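Remember, it's 1-based here, ligands and their atoms both numbered in the order they're listed. Here the structure is a predicted model, which means the values were calculated and not measured.
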Amino acid sequence: MRIGIVGCAGRMGRMLVQTVMDADGVTLSGGTEMPGHPLLGEDVSVQAGGAPSGTQMGSDPDALFAASDVVIDFTVQALARLHADLAARHGVSLVIGTTGLQPSDNEGIAAAAKVVPVVQAANMSVGVNLLLGLTRQVAAILGDDYDIEIVEMHHRHKVDAPSGTALALGHAAASGRGTALDSVSQRVRDGQIGSRRRGDIGFATLRGGDVVGEHTVIFAGEGERIEISHRATSRTVFARGALRAALWTKGRQPGLYSMRQVLGLD
Ligand code: NAD
């Protein structure tokens with residue numbers, strides 16, 4: 001299986017390159033970066049701290065998709081639609097980890113998923129996918145006597161908020177209660193906001209330092225509080241999950257799949 005990495009010099013991109021280089025039975029088909037990136041022309045693996053791969057970093061995603069069986073995308077929101085279109089055009093499976101996507105991006109991804117297998121997840125770690133299932137279950141059992149608050153912290157470079165994982169946890173909690181997140185989501189609190197509305201799901205976003213990713217779902221009731229947490233201490237958990245998703249697409253029917261399906265948790 002030939003695996004391409006778009007955004008290969010990013011924090012996740014470099015980790016993905018190393019993970020693919022270290023895996024058996026797969027080859028790195030190449031990597032792209034933004035036009036003008038200072039590392040264009042460098043060996044894709046060497047710039048990520050590995051042994052030479054013989055592929056040079058380019059800026060032409062069309063050429064990368066043409067040379068790949070699967071492409072892994074952990075880049076920026078603005079590229080999601082382009083990469084989805086290229087996957088469909090070249091018949092290449094796609095693994096999307098990029099967060100902060102807009103409804104129009106998701107429409108493009110859904111269209112591509114009619115033609116090729118696409119795995120999309122805001123968090124590719126096994127632990128967070130377990131947390132999603134537990135959150136749905138606990139929310140269903142407790143009902144809205146317990147107030148749900150979702151707290152997340154990430155490194156100072158993260159550009160979207162709340163994190164894609166926090167929003168996925170919010171959707172899981174809302175679905176456990178049989179409601180839609182959009183109608184109960186409370187993403188900003190500032191000033192004289194009045195008392196908490198029953199059934200709301202609140203979000204708090206913390207940013208700082210080099211925190212890889214921390215999420216806690218709080219169920220606060222009268223006289224007790226339940227908290228379920230996940231802490232990622234290394235980005236390798238996301239990269240290994242993405243590789244697992246890439247391998248899982250082999251021979252799969254076109255469709256939009258979740259990481260829970262890849263991990264066999266659904
Ligand atoms: P990053 O900023 O380090 O990496 C993004 C890379 O994309 C950069 O190297 C940038 O130069 C590159 N890029 C920008 N424009 C490009 C273009 N036109 N062509 C090719 N490359 C281009 O960010 P990061 O920390 O690696 O995170 C990337 C994304 O992955 C974010 O959306 C983040 O939230 C998400 N993420 C998801 C998971 C998950 O498990 N799903 C885990 C970690 C991060």
Side-chain angles (χ1 to χ4, degrees), residues 4-19 30-42 44 47-49 55-65 68 71-87 94-102 105-106 109 118-132 152-169 171 205 207 209-215 230-246 257-260 262-263:
I5 311 292
V6 285
C8 63
R11 277 176 291 268
M12 278 305 304
R14 288 194 303 268
M15 192 63 79
L16 288 159
V17 166
Q18 288 173 12
T19 304
T32 60
E33 257 302 336
M34 62 164 99
H37 194 284
L39 293 175
L40 288 180
E42 299 281 322
V44 173
Q47 65 86 29
T55 58
Q56 289 181 335
M57 192 188 297
S59 59
D60 178 5
D62 195 69
L64 180 66
F65 276 81
S68 305
V71 167
I72 303 179
D73 179 356
F74 283 63
T75 55
V76 290
Q77 172 268 327
L79 296 176
R81 179 115 208 185
L82 169 72
H83 290 154
D85 291 350
L86 286 173
L94 186 61
V95 175
I96 305 169
T98 308
T99 60
L101 303 188
Q102 300 302 307
D105 302 323
N106 288 319
I109 290 166
V118 179
V119 179
Q120 183 183 19
N123 195 304
M124 303 240 166
S125 86
V126 176
V128 159
N129 284 283
L130 278 174
L131 185 66
L132 285 167
E152 58 108 336
M153 180 158 188
H154 282 85
H155 54 88
R156 61 168 71 105
H157 304 290
K158 186 162 178 62
V159 293
D160 52 317
S163 71
T165 303
L167 292 172
L169 288 165
H171 283 292
T205 300
R207 292 284 177 268
D210 61 355
V211 176
V212 172
E214 301 187 356
H215 295 87
H230 177 270
R231 289 189 177 83
T233 52
S234 162
R235 286 187 178 80
T236 55
V237 290
F238 310 128
R240 282 203 306 268
L243 175 62
R244 194 160 161 173
Y257 300 101
S258 70
M259 202 57 198
R260 290 184 56 77
V262 171
L263 296 171

Non-neighbouring partners of Phe65 that pass ring pair (Phe, Tyr, Trp, His ring centres under 6.0 Å), sequence neighbours left out: His83

Short N or O distance, His155 and ligand 1, threshold 3.5 Å exclusive: no

Residues Arg207, Glu152; criterion side chain to side chain contact (heavy atoms under 4.5 Å, CB included); working and verdict: CA-CA 8 Å; Arg207 292 284 177 268; Glu152 58 108 336; 2.7 Å; yes

Ligand 1 contact on Ala121 by region, counting heavy-atom pairs under 4.0 Å: backbone

Worked verdict on Asn123 versus Met259 for side chain to side chain contact (heavy atoms under 4.5 Å, CB included): CA-CA 8 Å; Asn123 195 304; Met259 202 57 198; over 6 Å; no

Sub-3.5 Å N/O-N/O distance, Met124 and ligand 1: yes

Thr236 vs Thr19 side-chain heavy atoms within contact, under 4.5 Å: no

Side chain to side chain donor-acceptor pair (under 3.5 Å) partners for Gln56, two or more places apart: none

Ala9 neighbourhood, listing ligand 1 atoms whose heavy-atom distance to it stays under 4.0 Å: 9 (O)

Side-chain (Arg14) to main-chain (Gln47) donor-acceptor, under 3.5 angstrom: no

pair Leu101-Gln77: side-chain heavy atoms closer than 4.5 Å: yes

Distance filter under 4.0 Å to Phe238 heavy atoms, resulting ligand 1 atoms: 40 (O), 42 (C), 43 (C)

Shortest protein contact, atom 1 (P) of ligand 1 (heavy atom only): Arg11 NH2, 3.7 Å

Gap separating the CD atom of Gln120 from the OG1 atom of Thr99, nearest 0.5 angstrom: 10.5 Å

Contacting atoms of ligand 1, where contact means under 4.0 angstrom from a heavy atom of Ala122: 38 (C), 39 (C), 40 (O), 41 (N)

Residue and atom name of the nearest protein heavy atom (relative to atom 27 (O) of ligand 1), distance in Å to one decimal: Met12 CG, 4.4 Å

Minimum-distance protein heavy atom relative to atom 20 (C) of ligand 1: Glu33 C, 3.3 Å

Closest protein heavy atom to atom 38 (C) of ligand 1, given as residue, atom name and distance to 0.1 Å: Phe74 CE2, 3.3 Å

Close-contact set for ligand 1 against Thr98 heavy atoms, below 4.0 Å: 32 (O)

Nearest protein heavy atom with distance in Å, relative to atom 28 (C) of ligand 1: Thr75 O, 3.3 Å

Gly10-ligand 1 polar pair, N/O distance under 3.5 Å: yes

Proximal atoms of ligand 1 relative to Lys158 (non-hydrogen, under 4.0 Å): 34 (O)

Leu79 neighbourhood, listing ligand 1 atoms whose heavy-atom distance to it stays under 4.0 Å: 15 (N), 16 (C), 17 (C), 18 (N), 19 (N), 22 (C)

Any donor-acceptor pair under 3.5 Å from Thr98 side chain to Thr75 backbone: yes

Closest protein heavy atom (residue, atom, distance) for atom 33 (C) of ligand 1: Thr99 OG1, 3.7 Å

Any side-chain heavy-atom pair of Phe238 and Met12 under 4.5 Å: yes

Donor-acceptor contact below 3.5 Å, side chain Glu214 vs main chain Val212: no

Nearest-neighbour protein heavy atom for atom 14 (C) of ligand 1, which is reported as residue plus atom name and distance: Met34 CE, 3.8 Å

Part of Val159 within contact of ligand 1 (heavy atoms, under 4.0 Å): neither

Side-chain donor or acceptor of Asp85 paired with backbone N/O of Leu82 under 3.5 Å: no

Contact check: Gly97 vs ligand 1, nitrogen or oxygen atoms, below 3.5 angstrom: yes

